[in-house]
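Worksheet: one structure, shown below.
A note on names: the letters A, B, ... follow the listed sequences, proteins ahead of strands, and every chain is numbered from 1. Quick caveat: nothing in here was measured; it's all calculated off a predicted structure.
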Number of protein chains: 2
Amino acid sequence: MNISDVAAGTGLPAKTIRYYEDIGLISPARRDNGYRDFSDTDMHNLAFLGRARSLGFSIEECRALLALYADRDRSSAEVRAIAQEHLQRIEAKIAGLVAMRDTLAGLITACHGDARPDCPILADLAAEPVGGATTDPD
Amino acid sequence: MNISDVAAGTGLPAKTIRYYEDIGLISPARRDNGYRDFSDTDMHNLAFLGRARSLGFSIEECRALLALYADRDRSSAEVRAIAQEHLQRIEAKIAGLVAMRDTLAGLITACHGDARPDCPILADLAAEPVGGATTDPD
DNA sequence: CATAAGGATTCCAGTAGATGGAAGGTCAAG
DNA sequence: CTTGACCTTCCATCTACTGGAATCCTTATG
């Protein structure tokens with residue numbers, strides 16, 4: 001198969017597929033004319049990579065998962081550990097974003113958003129470390 | 001003030017402060033010896049930037065917000081628009097991550113995670129477009 | 001056979017937002 | 001004068017691609 005077939009089959013851009021070869025995630029055969037010649041396995045692995053990436057696994061995690069996938073003697077515990085760690089990072093990211101969202105949503109609600117310059121959003125961003133607490137902590 | 005004072009005062013690494021100067025977010029004065037000489041305003045602006053960044057605003061949004069902050073004739077509507085747009089991107093990101101998390105959490109729950117190679121996580125990543133439809137499309 | 005379109009190839013550069021490190025100038029203390 | 005802490009610039013690196021240029025290969029058509 002040519003790269004465009006694989007691109008169509010996996011949904012990955014040809015550029016990305018070449019990149020994945022560059023960084024050693026796949027190693028498709030070459031024809032005499034220099035064209036890559038993808039096997040069904042290559043295609044399958046690329047689809048695997050596409051799905052893993054869409055779940056947010058990093059390239060290095062994808063590399064590890066692909067190796068485990070190829071290893072018939074793997075333990076499911078190894079795979080689970082990678083996924084678990086990734087899940088925790090996602091949870092952390094969600095928590096961070098939710099905190100951002102809540103703050104931001106509060107500020108947006110507080111801002112009248114008209115022609116006047118008065119703006120709680122800027123006021124908050126500009127906020128000096130509050131006078132009250134610093135003046136009389138005890 | 002020297003850069004390390006501002007770093008301590010804002011919580012931003014000196015490297016980041018230099019970087020912000022590089023990209024034109026701030027332009028501190030220079031002393032004869034070449035050292036940057038930060039004013040209170042510089043410090044204030046850097047703190048502003050730090051807070052805006054921590055709310056997830058992009059550098060370009062920060063630049064816009066800083067300009068609006070400096071503009072006494074701004075309309076709060078402009079600020080609100082930037083924040084609103086940013087909020088929507090955050091919401092979208094959260095939604096994407098929550099979808100990832102749910103899928104991943106489901107797979108992790110399904111995986112026994114022991115010494116056996118059998119693993120629903122890999123099985124899902126490897127999933128071919130289901131056999132049923134492809135075998136008999138007509 | 002010439003040619004032109006459409007794929008394929010490689011390689012270089014750029015994206016966001018820093019961060020690490022090397023090489024070297026400066027300053028204050030002893 | 002030396003030591004060590006601080007400052008400077010510049011270049012490289014990170015993630016995961018993506019865009020574009022220049023060139024080569026294939027296939028169809030006149």
Could you check whether atom CG of D102(B) has more than 12 heavy atoms from other residues, nucleotides or ligands sitting under 6.0 Å from it? yes

For M1(B) and dC7(D), give me the distance from atom CE to atom C1', rounded to whole Å. 16 Å

Rounded to whole Å, how long is the line connecting atom CD1 of I17(B) with atom P of dA18(C)? 11 Å

Heavy-atom side-chain contact between R63(B) and I23(B) under 4.5 Å: yes

When rounded to whole Å, the CD1 to C1' distance for the pair I23(B) and dT19(C) reads 14 Å

To the nearest angstrom, the CZ-P distance between F57(A) and dC17(D) comes to 15 Å

Check whether any side-chain heavy atom of L12(B) sits under 4.5 Å from a side-chain heavy atom of R53(B), and report yes or no. no

Residues E21(A) and R30(A) bridged, charged N to O under 4.0 Å: yes

List the atom of R18(A), the atom of I3(A), and the distance in Å for their closest heavy-atom pair. CG-CD1, 3.5 Å

Round to the nearest Å and state the distance from L55(A) atom CG to dA16(D) atom P. 14 Å

So, R116(B) and D118(B), do they make that salt bridge, N to O below 4.0 Å? no

Would you say a side-chain N or O of T16(A) is under 4.0 Å from OP1 or OP2 of dT18(D)? yes

How would you summarise protein contacts on nucleotides 5-16 of chain C per nucleotide, using B for base, S for sugar-phosphate only and - for none, with heavy-atom distances below 4.0 Å? --BSBBB-----

